[in-house]
2 protein chains.
Amino acid sequence: MMVRMVYERRDVIPLIGEAFRRYGFEGTSISRLTEHTKLGKGSLYNFFPGGKDAMAEAVLDHIHQWFETEIFKPLDELNPSEALDMMFAGVSKYFRSGQRICLVGAFALEETRDRFSSAVCSYFDRWIHALSGALQRSGMNSADAGTLAAEVVAGIQGAIVLSRALMDETRFAAIIARLAQRCRGG
Amino acid sequence: MMVRMVYERRDVIPLIGEAFRRYGFEGTSISRLTEHTKLGKGSLYNFFPGGKDAMAEAVLDHIHQWFETEIFKPLDELNPSEALDMMFAGVSKYFRSGQRICLVGAFALEETRDRFSSAVCSYFDRWIHALSGALQRSGMNSADAGTLAAEVVAGIQGAIVLSRALMDETRFAAIIARLAQRCRGG
DNA sequence: CTTACACTTTACCGATAGGTACAAAATATC
DNA sequence: GATATTTTGTACCTATCGGTAAAGTGTAAG
């Protein structure tokens, strides 16, 4: 077994993710990634023999894992009220009040959706079902919980778009607050 | 004055817009635009001496004009209930139940936002204010109307993201229906 | 018919795209 | 320390990128 190196595959995935966030999938060139990761082309293709597509796949998987442990699992297992607080606080921090985009949402809007459709689909599907489950455990009936869950997940995506478009972080916070309120039955 | 030709500048703008929608700004190459518009490179640069940026600017302007006459003006001038119906019906048709993306929203997520920030910002600003005005005329107080307007515009953007991610048009319709219901005070 | 101008076609430009080849260097195993 | 394996740097490949130049073609006004 090798001793932990400064740059392993798993260390470079978040850096690639940030580059995709900033420039989009098409707008991120390999040479831009070498600057951003401080890794040569050879190293990049050594870690990701599948090229840019494989990098995107790895990034999407990494994101899904983060949400799985930080958001989805708590929604499944914790008591609903606590889990909902955790979710809204978690996404506000993760998306930096809308200044950091949701890469999965951005991919859904691009042509790249077709290339990574299963990753994109499973992320949102998992989120909605986890949220819907928590809402049901908090006393909501199944149909209402499903509708509200989809509404909330969509609302978060929309809040990112809007706060970035208007370059106003407070928009994100305001919309998130309203969504949280409605989950509490307001 | 010249006789109306088959391809004028204004005829080609929607075609360029559709290409941007499908492939994104970075993903749309000039050669792809020549195929999509059936115009040579020379013709394109004759119509848009500023290149791809000028094309995007023209497309954004064209979109804003469409919304101005079909959505924003009615919200300003018609009676609120009628204007709201028109808005929800209009966007559902325009975005083809989420299968056709909002280019302005997509630009807000990309790096291109910085290049076209004023067009992106004014589009959403205008929409929110027009909607807020209609909601106020329907009896809502100013603060609530402003909050709900932002929520609805964000919700529409989120509905596009979600329905595309899940490849399910019915999601779009369901979320739009709920947003409409809340505008009617439900 | 001629002149003027709008439009199109074609060839071309340097830069950069994603990707490969391969030798050198670093590291791990024995 | 010798050997096997990973990791890295560099040079290189073809294709395409956005954009330009200029000659040619069509149309319209005088």
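Just so it is clear: chains get the letters A, B, ... in the order the sequence lines come, proteins before strands, and each one is counted from 1. Note that the structure is a prediction, hence the values are computed from the model and not measured. Computed from heavy atoms alone, side chains included, the values below leave out hydrogens, waters and symmetry copies.
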Around atom NE2 of His36(A), are there more than 12 heavy atoms of other residues, nucleotides or ligands at under 6.0 Å?
->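 More than 12 within 6.0 Å, yes.
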Not counting sequence neighbours, list each pair that qualifies as a side-chain hydrogen bond (donor to acceptor under 3.5 Å, both in side chains) and has a residue in residues 154-168 of chain B.
->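 Listed by first then second residue: Asp168(B)-Thr170(B).
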Pairs where residues 132-146 of chain B contributes a residue and the test side-chain hydrogen bond (donor to acceptor under 3.5 Å, both in side chains) is met, not counting sequence neighbours =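 The answer is Ser132(B)-Gln136(B), Asn141(B)-Asp144(B).
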Figure out the [atom1]/[atom2] separation between [X] and [N], and round it to whole Å.
{"X": "Arg9(A)", "N": "dT6(D)", "atom1": "CZ", "atom2": "C1'", "answer": "15 Å"}
{"X": "Glu35(A)", "N": "dA17(C)", "atom1": "CD", "atom2": "C1'", "answer": "14 Å"}
{"X": "Leu39(B)", "N": "dT9(C)", "atom1": "CG", "atom2": "C1'", "answer": "11 Å"}
{"X": "Asn46(A)", "N": "dT6(D)", "atom1": "CG", "atom2": "C1'", "answer": "7 Å"}
{"X": "Leu44(A)", "N": "dT6(D)", "atom1": "CG", "atom2": "C1'", "answer": "15 Å"}
{"X": "Phe47(A)", "N": "dG9(D)", "atom1": "CZ", "atom2": "C1'", "answer": "14 Å"}

Among all residues two or more places apart in sequence or in another chain, which pass the side chain to side chain contact (heavy atoms under 4.5 Å, CB included) test with [X]?
{"X": "Tyr23(A)", "answer": "Thr28(A), Arg32(A), Glu111(B)"}
{"X": "Gln181(A)", "answer": "Arg178(A), Arg184(A)"}
{"X": "Ala130(B)", "answer": "Phe72(B), Leu75(B), Asp76(B), Arg126(B)"}

Per-nucleotide protein contact string for nucleotides 16-23 of chain D, where B marks a base within reach and S marks sugar-phosphate only (heavy atoms under 4.0 Å, - for neither) | -SBBB---
